[in-house]
Amino acid sequence: MEIRLFLSEGAVTLTPDTPQNGVTVTHSVHNDIHTLTLTALEAGIRPEALEVSFPLPASLLDPVESLYFYDDAAHTNDVSGVFTYAENPAREIAQLAVFKNLSSSATFLAGLCTMHRFWSAIFLRDGTVTFRFELEGRELAVGETYVMERFMVAEGTPNGEHTLMEAYADGVADLNNCIPTGDLPVGWCSWSCFYGDVNEDRIRTAADMQVMYAAEGRPNLVQIDDGWQRSGSFCGEWVTDEKKFSEGMAATSEYVRDLGMTFGLWLAPLLLDDQSEYYESLKHLSMPDITLGEHYHPFNLGDPAYHDHLRKTFRRMVDEFGATYFKLDFLAAAVRYFNGKGHFVKFPDGYCIEVQRKALQVIRETVGDDVFLLACGAQTLLGAGIFNGARMSCDIIWGKNKAHPTYWQIMQNCLHTVGWRYFYHRKVYVGDPDGLVLRDWDRGDGFNCTWSEAELWTVAIAMSGGSVLSNDELEKLSEPRRALYTACLPPLDIPCRPVDIFERPVPTAYILEVDENTKFLALYHFGDTMTDLDFDLDRVGMKGALVADCLSRKFLGFKDFVHVENANPHSAAMFLLRKPADKPAFVGSDANIYMGINLFSSVYENGILTVTRPEEGFEEAKVYALWPEGYTPEGETVWSEQGYTLTKLN
């Protein structure tokens, strides 16, 4: 380990617990989580940055051609990926890297665990991993202890990448007092449906359609995205556009809430457009920096007057508009330049991340603990402990532009990133995989998915464990496509993970573990020609399991291998895997894509099989039970195999 302090006159190497150059640094480690503290012993110390470097383990580098790493990317809406180390020996890693040598199976993790005060990053440099903490040239107060962002450095067991990633998430959750709580958001979001062209009639119709088509699935949210407010996306003053909502936002909110759903709003509260009609009255609260485009300024995030503005804004959203769900967007652009004009913003009242977190904490304190906050367009760790949820991928639709990836390329990027980031869900955040868009017509946004692609994206959302938010006009979908949405309800709230994170070129098999006896398997075919798909169930400990096809809702029997004949291009298959019990038991239903395991349960006592059904809905669902040899089956026999009988009970 090497620690270096960067001063205006150059870098100096520091030895822990030894006074040098007017400072002292301490280092401690517990459960692979490191803590560095810096203390000024004299006045006038203005460091630019502090770095600490660790060599990559020798076992990881042998042979170097087999070394790969997963880069979790910088932001909630970024695309993450796996890269070869040989082609990227020098690279900036925003937050987290997980390494694996595919020849030796050696594993290693390096990740930041907090984002509380200092702009920080990880760098790969010549066989080392370096954590850099930006101190911005501010003078250190004599005697004050400056705790750098906490970070994890851990060498895993062979093939231990999943254990490392889950330990990392546990560490992040503990250090940040994370709050991935609240009901999983289910329902509708306006963005990829109407974009900015929203109005009260469209929102009320969308709410009605949730009740009409999805009531059994218990939708709980209608969220209006960008476009409800006057004066653009970064207006600064959040005033309802009365031309779109003539009865006012409170009336629309009341309409949604009277249908039994939460009312949500989108805001981008940390930026100000100098073309906004409110700019002149608010510019004293903003910074001169332009971080996005040519007109978008961050607010002065540490200014108490700006904090008062936030309090006033969000009190009105909650008290007057009745909103109890907020999607807060473009958060990273308040501190980072996205237009090439700089690196990160230096604020007058504190360190960059320190003031950004403070502004977000003001919002949380204002809305209270019962309101759901979703981080979007944010540094991934930024909202830990403040936000309930976070986006886990890029937007599913980017708009019709030949400079952008195609909708199919974007869909794949979303699927992979959500899958790789599985370890955050319900530990750090409630995951948001973005909207479930299923329409088969192009409304001018370049999205026009085939039936196979619609099934694939449905499976991806269902397997993600995260929120399920339709971004369609349900009444305009064909019945089969509408049924794909309702099949995801109610969601399971358990994330899948790639069977092999480092599968090349991308993971094609994902496993969702309900318990040791019940799992879901998703297989994806990303190619452009028809093919067969095969998977050995022994890879996930489910050899000989009872297998059901979740898309057709049919039980296939006991299998050692799963085989999909003639899989369409751009398609997916999803299977329920259940180890048979030694007593009669409920095994599935056609109620939803999860084969009803989150709706029905059973007990077998005193020679009687009792199946518990939902209190409301799903009365027409078919329910299946498996009877071991020696028990008298009840219901209509579907098939008998290997000493078991499958029956339909209704």
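A ring-ring contact (aromatic ring centres under 6.0 Å, His included) check over residues 369-401, counting only residues at least two apart or in different chains, returns the pairs Tyr325-Phe372, Trp398-His404.
Of the N and O atoms on the side chains of Glu453 and Tyr407, at least one donor lies less than 3.5 Å from an acceptor on the other residue. For the residue pair Gln356/Gln379, the side-chain donor-acceptor check at 3.5 Å is satisfied. Of the N and O atoms on the side chains of Tyr306 and Asp349, not one donor lies less than 3.5 Å from an acceptor on the other residue. Side chains of Ser233 and Asp226: a donor on one and an acceptor on the other come within 3.5 Å. For the residue pair Asn77/Asp434, the side-chain donor-acceptor check at 3.5 Å is not satisfied. Under the 3.5 Å distance criterion, with hydrogens and angles disregarded, no donor-acceptor pair is assigned to the side chains of Ser478 and Arg482. Between the side chains of Asp72 and Tyr168, no donor-acceptor pair of N or O atoms lies under 3.5 Å. Side-chain contact annotation: Ser467 with Asp432, donor-acceptor N/O pair under 3.5 Å present. Side-chain N/O atoms of Asp289 and His297 include no donor and acceptor closer than 3.5 Å.
In terms of heavy atoms, Ser276 sits closest to Cys235 at OG-O, 2.8 Å. The two atoms that bring Gly431 and Met392 nearest to each other are CA-CG, 3.8 Å, heavy atoms only. In terms of heavy-atom proximity, Ala454 sits nearest to Leu438 at O-CD2, 3.6 Å. The shortest non-hydrogen separation linking Trp266 to Gln223 is CB-NE2, 3.7 Å.
Between Tyr429 and Arg391, every side-chain heavy-atom pair lies at or beyond the 4.5 Å cut-off. Two residues are said to be in side-chain contact when any heavy atoms from C-beta on lie closer than 4.5 Å; Glu247 and Arg204 meet this criterion. Counting heavy atoms from C-beta on, the side chains of Leu492 and Tyr594 come closer than 4.5 Å. Considering only heavy atoms from C-beta on, Trp408 stays 4.5 Å or farther from Thr450 through its side chain. Leu477 has its side chain within reach of Arg439: a pair of non-hydrogen atoms, C-beta onward, lies under 4.5 Å apart. Side-chain contact between Asn339 and Glu294 is absent, with no heavy atoms from C-beta onward closer than 4.5 Å. Pro480 has its side chain within reach of Trp451: a pair of non-hydrogen atoms, C-beta onward, lies under 4.5 Å apart. A 4.5 Å side-chain heavy-atom check between Cys394 and Cys414 finds at least one atom pair inside the cut-off.
Between Glu513 and Arg497, at least one side-chain N (NZ, or NE/NH1/NH2) sits under 4.0 Å from a carboxylate O, which counts as a salt bridge. The existence of a salt bridge linking Lys283 and Asp274 is excluded, since no basic side-chain nitrogen approaches an acidic carboxylate oxygen closer than 4.0 Å. The pair Lys400-Asp442 counts as a salt bridge, with a side-chain nitrogen and a carboxylate oxygen less than 4.0 angstrom apart.
In this structure, Ser120 contributes its side chain and Phe118 its backbone to a donor-acceptor pair below 3.5 Å. Judged by distance alone, with hydrogens and angles left aside, the side-chain atoms of Lys244 form a donor-acceptor pair with the main-chain N or O of Gly227 at under 3.5 Å. Side-chain atoms of Arg357 come within 3.5 Å of backbone atoms of Leu382 as a donor-acceptor pair (strictly under, hydrogens ignored). With hydrogens and angles disregarded, no donor-acceptor distance shorter than 3.5 Å links the side chain of Asp273 to the backbone of Tyr296. Judged by distance alone, the side chain of Asp319 and the main-chain N or O of Gly322 form no donor-acceptor pair under 3.5 Å. Not a single donor-acceptor pair under 3.5 Å links the side chain of Glu254 to the backbone N or O of Ala251. Judged purely by atom type and a 3.5 angstrom limit, Asn176 uses its side chain to pair as donor or acceptor with the backbone of Val172. The backbone N or O of Pro495 sits nowhere less than 3.5 Å from a side-chain atom of His425 that would complete a donor-acceptor pair. Counting only distance, with no hydrogens or angles, the side chain of Gln229 and the backbone of Gly232 share a donor-acceptor pair below 3.5 Å. Here the side chain of Arg336 pairs no donor or acceptor atom with the backbone of Thr291 at under 3.5 angstrom.
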Does the pair Tyr279 and His295 meet the rule for a ring pair (Phe, Tyr, Trp, His ring centres under 6.0 Å), with working shown? CA-CA 11 Å; Tyr279 177 69; His295 299 284; 9.8 Å; no
Glu149/Cys113 under side chain to side chain contact (heavy atoms under 4.5 Å, CB included): CA gap, chis, key distance, verdict: CA-CA 7 Å; Glu149 302 302 337; Cys113 296; over 6 Å; no
Determine whether Ile353 and Phe344 satisfy the following criterion, side chain to side chain contact (heavy atoms under 4.5 Å, CB included), listing intermediate values before the conclusion. CA-CA 10 Å; Ile353 301 302; Phe344 63 90; over 6 Å; no
Residues Phe326, Phe314; criterion side chain to side chain contact (heavy atoms under 4.5 Å, CB included); working and verdict: CA-CA 10 Å; Phe326 293 100; Phe314 281 90; 4.1 Å; yes
Candidate pair Phe600 and Phe618, rule ring pair (Phe, Tyr, Trp, His ring centres under 6.0 Å), full reasoning: CA-CA 10 Å; Phe600 300 84; Phe618 300 99; 7.1 Å; no
Using salt bridge (Lys or Arg N to Asp or Glu O under 4.0 Å), reason through Glu473 and Arg443 one step at a time and then give a plain yes or no. CA-CA 12 Å; Glu473 295 173 272; Arg443 64 184 313 149; 3.2 Å; yes
Are Leu112 and Arg150 close enough, and set up right, to give a side chain to side chain contact (heavy atoms under 4.5 Å, CB included), and what steps lead you there? CA-CA 6 Å; Leu112 290 162; Arg150 310 283 289 281; over 6 Å; no
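Aromatic rings from Tyr510 and Tyr524 are positioned such that their centres are separated by under 6.0 Å.
Figure legend: Arg481 and Tyr485 shown without cation-pi pairing, the cationic atom not lying both under 6.0 angstrom from the six-membered ring centre and within 45 degrees of its axis.
Atom CG in Leu271 sits 8.5 Å away from atom CG in Leu331 (nearest 0.5 Å).
Aromatic ring pairs are classed by plane angle as parallel below 30°, tilted from 30° to 60° and perpendicular above 60°; the pair Trp420 and His416 is tilted.
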